[in-house]
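Presented below is the structure to which this report refers.
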2 protein chains.
Amino acid sequence: MKIICSRNNLVKGVSIVSKAVPSKTTMPILECILIDASLDTIKLTANDMELGIETTIEGEVVEHGILALNAKIFSEIVRKLPDSDVVIDAESDNQALITCEKAKFNIAAQSGEDFSYLPAIEKENFFTISEFTLKEAIRQTIFSIADNDSNKMMTGELFEITDDKLRVVSLDGHRISIRKIELKDSYEPRKVIVPGKTLQEISKIIGGEAEENVDISFTKNHIVFEFDKTVVVSRLIEGDYFKIDQMLSSDYDTKITVNKRELLDCIDRATLLIKEGDKKPIIIDIGDESMQLKIKSQIGSMDEDIFISKEGKDLLIGFNPKFLIDALRVIDDEEVELYFMNAKAPCFIKDKQQSYIYLILPVNFNAVV
Amino acid sequence: MKIICSRNNLVKGVSIVSKAVPSKTTMPILECILIDASLDTIKLTANDMELGIETTIEGEVVEHGILALNAKIFSEIVRKLPDSDVVIDAESDNQALITCEKAKFNIAAQSGEDFSYLPAIEKENFFTISEFTLKEAIRQTIFSIADNDSNKMMTGELFEITDDKLRVVSLDGHRISIRKIELKDSYEPRKVIVPGKTLQEISKIIGGEAEENVDISFTKNHIVFEFDKTVVVSRLIEGDYFKIDQMLSSDYDTKITVNKRELLDCIDRATLLIKEGDKKPIIIDIGDESMQLKIKSQIGSMDEDIFISKEGKDLLIGFNPKFLIDALRVIDDEEVELYFMNAKAPCFIKDKQQSYIYLILPVNFNAVV
């Protein structure tokens, strides 16, 4: 195999597929990027068996063939090469020569034959959303997946298509995050659970342009993202997702409207007094035209008043401040509305169209703070 | 004690003095910043007994007094306050109330009486250089101090004044870095060894403006930097510095002139093949109009040719690539000159005026690479 391509194209391609290279593995071949020039295009592939990424880069195939190179070494080398044409030459099955201007690197290679290709997937029944919308939907929900594996389902996000709506949901047992997205067309109903890791990597790879589209399709066990010259294939999480609709109530006894920035800054300040791992709640005392936020820890105490407009009853309620911060950070509205039932029922932060719903469970606290 | 000052002045002052707060200590009072409003100015001080920093901030003293606050908590709080006036009120000797707009923080305080003030130092015999020049001189030499304490002297830098010249020197047993600076006036000769840590912190605090000056003075055991509204006092390292002049030879058998960027990039690429802790040398094979740089490790091998202009003999010599990189990175010249004697004698990188001299010892290598 022998190929020629620009250093910049190579860097871009390698950095995309590297997202599917496992950081720890006992199989050296999984640590590799496969360069496939068996046809007239140059394809780079990495595959950790859960997540596989393939991208095509521009360049010239001088001699057909395939070759697998250690991803870390290969990526560090191409990054440091001068901005010029790079020649990659498989001198044998286990030796590669990388040349760029006067720099010549000789590194170990592996036979491409041992490499696991991505599963072949027929692209039918796909739906399309913009890179921007997908990236935003992930950012606005990914923080409330569970990060340990004790409940596999909680480590993923629900992607649910109903007609021309996509609903993205994540939950971790203390809170639920929901974003609803309008699609341009109507599609067959479909519910899948996508691993959080896949979404995190996708979100790093896609550019986030509103004009660029991502085609998303499914098989029984896989989800496929196609954009630009890149294909990302990920296993789905098996099983039925939690029945969230029955957790969403629209009743409330107290509703407040508050400036988002002020609320967020105030909670942010309050968390200074909490050390990592300490579970001090922030206490919110909702009155007629203002609410008081209070926190007390071994380090000290803090209180602050914020103007609000209120409908319904007064309320004293406690929250894990981090959960409020996570939700408020990803809401773009200047004013937010919070709905409460009582001190033991979940709080909802949502807009009128319900394009977003953040459900957060309160925490118990000693009322005499 | 009660003071009022703007949040921004407070943040700036706290961030300056925090550099003298030790990260680990068994004495809680050393973890504090002293707020001294016993006169009509507000002074902040921190002191880890090796390094002490004092700065004056603008503001109003409402009630005279002193108070010590935990540096970490105090600095996090002021950083998160809104951009407005901050009131700090010592409610008692062990309690402080920090108020800013509607936010109120109550935190523990310590009596200022226990705090160690900076040693009183009379400012005579000081010399003046610009913040820019001092910052540059530190950056261009600090990398070759030794980072372990086995030889205390090597953890500091020599500041040597002779007439209107300041010479800054650091060495770690494998290399010497020297910068010579012209001063505006002539001063009494003086040689002191300044702790590397002090220089690193100074370099973070000073702004680096060419128009702003730093006054530097000495006592028997201390060096004092004064600039803006800040005073930094540091202990000196005791003893006589190494006799470096006898290590500097101006003889050479080979002299090369090379583009600095090209040489640096090439060595930088070569180091990719060396894992942390691996001591592979880079081999330089100097010929008539070009030199070849070669490196070989378990990961692979690399070689590259660079154009040079040469005076004198051909030479094959090996170096720790990091030492070459460190020196080349802080040289601003487009072309650099390297002087060699033989494969076992040090290499000198220096300019004609000797405003900088970098001496680097070669390493042994197996000639059949």
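Please read these numbers as outputs of a predicted model, since none were measured by experiment. Just the heavy atoms: all of them, side chains too, but no hydrogens, waters or symmetry mates, feed the values below.
Between Asp85(B) and Arg7(B) there is no salt bridge, since no side-chain N of the basic residue sits under 4.0 Å from a carboxylate O of the acidic one. For Asp265(B) and Arg269(B), the salt-bridge test fails: no basic side-chain N is under 4.0 Å from an acidic carboxylate O.
If you measure heavy-atom distances from Asp305(A) to chain B, the contacts under 4.5 Å come from both the backbone and the side chain. Neither the backbone nor the side chain of Ile98(A) comes within contact range of chain B; no heavy atoms are under 4.5 Å apart. The contact between Ile73(A) and chain B is made entirely by side chain atoms (from C-beta outward), counting heavy-atom distances below 4.5 Å.
Note: Ala103(A) leads Ala103(A), Ala108(A), Gly300(A), Ala96(A) in heavy-atom pairs under 4.5 Å with chain B. For the set Ile107(B), Thr99(B), Asn70(B), the count of heavy-atom pairs under 4.5 angstrom toward chain A peaks at Ile107(B).
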Check the pair Thr45(A) / Val17(A) against side-chain contact (heavy atoms from CB on, under 4.5 Å), numbers first and verdict last.
CA-CA 6 Å; Thr45(A) 311; Val17(A) 299; 5.8 Å; no
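Between Gln95(B) and Asn106(B), the side chains place a donor N or O and an acceptor N or O closer than 3.5 Å (distance only, hydrogens not considered). Counted by atom type alone, Ser6(B) and Asn8(B) present zero donor-acceptor pairs between their side chains at under 3.5 Å.
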